[in-house]
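Working notes, structure below.
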Amino acid sequence: MITALNLANNDLTKNLYRLQKVAYQIEADMLEFYEIPPLMESFEQFLKSNETFYAYLEGDDVVGAVSISVENELVEVTRMMVDPNHFRKGIAKALLHYVESKTKPSQLLKVATGAKNTPAICLYRSSGYQFVERKVVKGSVELVYFQKEQRTCGEKV
């Protein structure tokens, strides 16, 4: 089940924070870069986030989550995380599609990930996101950016 999550100092949010640390440690190892903002974030900083979080729950367990930031017609996926024990179960895809279902047809969706994060890149491409650009952010660490326009069925392109 996917549900909106209000960050509060409670067990559910603490579980989400722990998941964030585990998930982003895996990405840091993949990228060989350990200064990923969610990985460096304290619990107190996490609680102050202005992002909207959606959690994928199995019972009382948070097994995945996504967060977004919305500014006018831009919806940016700011975090995507899945418990490693639940990789390859379609959780990230379900979370991404859930976010898409919450957007307006006029909104543009954007995502970014490490250029070495092949699973994330495959997810975004298979979900209809188009490559936009590649940037070196620190040293030799590269991020790749994708976007997707939400359109209604009858809208001309």
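We number each residue from 1, following the sequence as shown.
- Going from atom CG of Leu96 over to atom NZ of Lys93 covers 9.0 Å, rounded to the nearest 0.5 Å.
- Judged by distance alone, with hydrogens and angles left aside, the side-chain atoms of Ser69 form no donor-acceptor pair with the main-chain N or O of Glu76 at under 3.5 Å.
- Of all non-hydrogen atoms in Gly64 and Leu95, the two that sit nearest each other are C-CD1, 3.7 Å.
- Closest of all the heavy-atom pairs between Ala94 and Ile2 is O-CD1, 3.7 Å.
- Contact check for Asn15 versus Arg18: side-chain heavy atoms found under the 4.5 Å cut-off.
- In this structure, Met30 is not a member of the same hydrophobic cluster as Leu143, with clusters built from ILVMFWY side-chain heavy atoms closer than 4.5 Å.
- Two different hydrophobic clusters hold Ile36 and Val111 under the rule that ILVMFWY side chains link at heavy-atom gaps under 4.5 Å.
- No more than 12 heavy atoms of other residues, nucleotides or ligands lie within 6.0 Å of CG in Asn50, so this atom counts as exposed by the packing criterion.
- Ring-plane geometry between Phe146 and Tyr124 is classed as tilted, the angle between the planes lying from 30 to 60 degrees on a 0 to 90 degree scale.
- No donor-acceptor contact under 3.5 angstrom links the side chains of Ser140 and Glu32, judged on distance only.
- Within the model, atoms CG of Leu16 and CG of Leu5 stand 6.0 Å from one another, a figure rounded to the nearest 0.5 Å.
- Taking 4.5 Å as the limit, some side-chain heavy atom of Lys116 sits within range of a side-chain heavy atom of Leu31.
- Rounding to the nearest 0.5 angstrom, the gap separating the CD atom in Gln20 from the CE atom in Met81 is 4.5 Å.
- Heavy-atom contacts from other residues, nucleotides or ligands closer than 6.0 Å to CD of Glu71 number 12 or fewer.
- With respect to Glu41 and Arg79, a salt bridge is recorded, a charged nitrogen being found less than 4.0 Å from a carboxylate O.
- Residues Val66 and Tyr98 form no side-chain contact, since every pair of their non-hydrogen atoms from C-beta on lies 4.5 Å or further apart.
- The closest side-chain heavy-atom distance from Phe43 to Lys14 is below 4.5 Å.
- Cluster membership check: Met80 does not share its hydrophobic cluster with Tyr145, using side-chain heavy-atom separations under 4.5 Å among Ile, Leu, Val, Met, Phe, Trp and Tyr.
- Residues Ile91 and Leu19 do not share a hydrophobic cluster, clusters being chains of Ile/Leu/Val/Met/Phe/Trp/Tyr side chains in contact below 4.5 Å.
- In this structure, Glu58 CD and Asn85 CG are separated by 10.5 Å, a value rounded to the nearest 0.5 Å.
- Heavy atoms of other residues, nucleotides or ligands lying less than 6.0 angstrom from CG of Asp29 number more than 12.
- Phe46 and Tyr17 have tilted rings, their planes meeting at an angle from 30° to 60° on a 0 to 90° scale.
- For Asn9, the CG atom sits in a packed shell: over 12 heavy atoms of surrounding residues, nucleotides or ligands are nearer than 6.0 Å.
- Residues Tyr54 and Lys102 meet the side-chain proximity criterion, which asks for heavy atoms closer than 4.5 Å.
- Looking at every heavy atom in both residues, Ser127 comes nearest to His97 through OG-NE2, 3.4 Å.
- Closest approach of Lys104 to Gln107, counting heavy atoms only: N-OE1, 2.8 Å.
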Note to self: Between Tyr34 and Met40, does the side chain to side chain contact (heavy atoms under 4.5 Å, CB included) criterion hold? Intermediate values first, please.
What the structure shows: CA-CA 8 Å; Tyr34 298 91; Met40 299 172 63; over 6 Å; no

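- Here the straight-line distance linking atom CG of Leu57 with atom CG of Leu12 works out to 6.0 Å at 0.5 Å rounding.
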Notebook entry, point to check: Phe53 and Val62: side chain to side chain contact (heavy atoms under 4.5 Å, CB included), yes or no, with the steps?
Noted result: CA-CA 12 Å; Phe53 284 82; Val62 179; over 6 Å; no

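- A donor-acceptor pair is defined here as one N or O able to donate and one able to accept, closer than 3.5 Å; no such pair exists between the side chain of Lys148 and the backbone of Lys110.
- Residues Leu7 and Ser49 share a closest heavy-atom pair of CD1-CB, 4.0 Å.
- In this structure, OG1 on Thr113 lies 13.0 Å from OH on Tyr129, to the nearest 0.5 angstrom.
- Across every non-hydrogen atom of Arg134 and Ala115, the tightest pair is NH1-CB, 3.4 Å.
- Residues Tyr24 and Val82 are members of separate hydrophobic clusters, defined by side-chain heavy-atom contacts under 4.5 angstrom among Ile, Leu, Val, Met, Phe, Trp and Tyr.
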Next item on the list: Please test Phe131 against Ile121 for side chain to side chain contact (heavy atoms under 4.5 Å, CB included), starting from the C-alpha separation and ending with a verdict.
Entry: CA-CA 9 Å; Phe131 172 79; Ile121 291 169; over 6 Å; no

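- With contacts defined as side-chain heavy-atom distances shorter than 4.5 Å, the pair Thr13/Leu47 qualifies.
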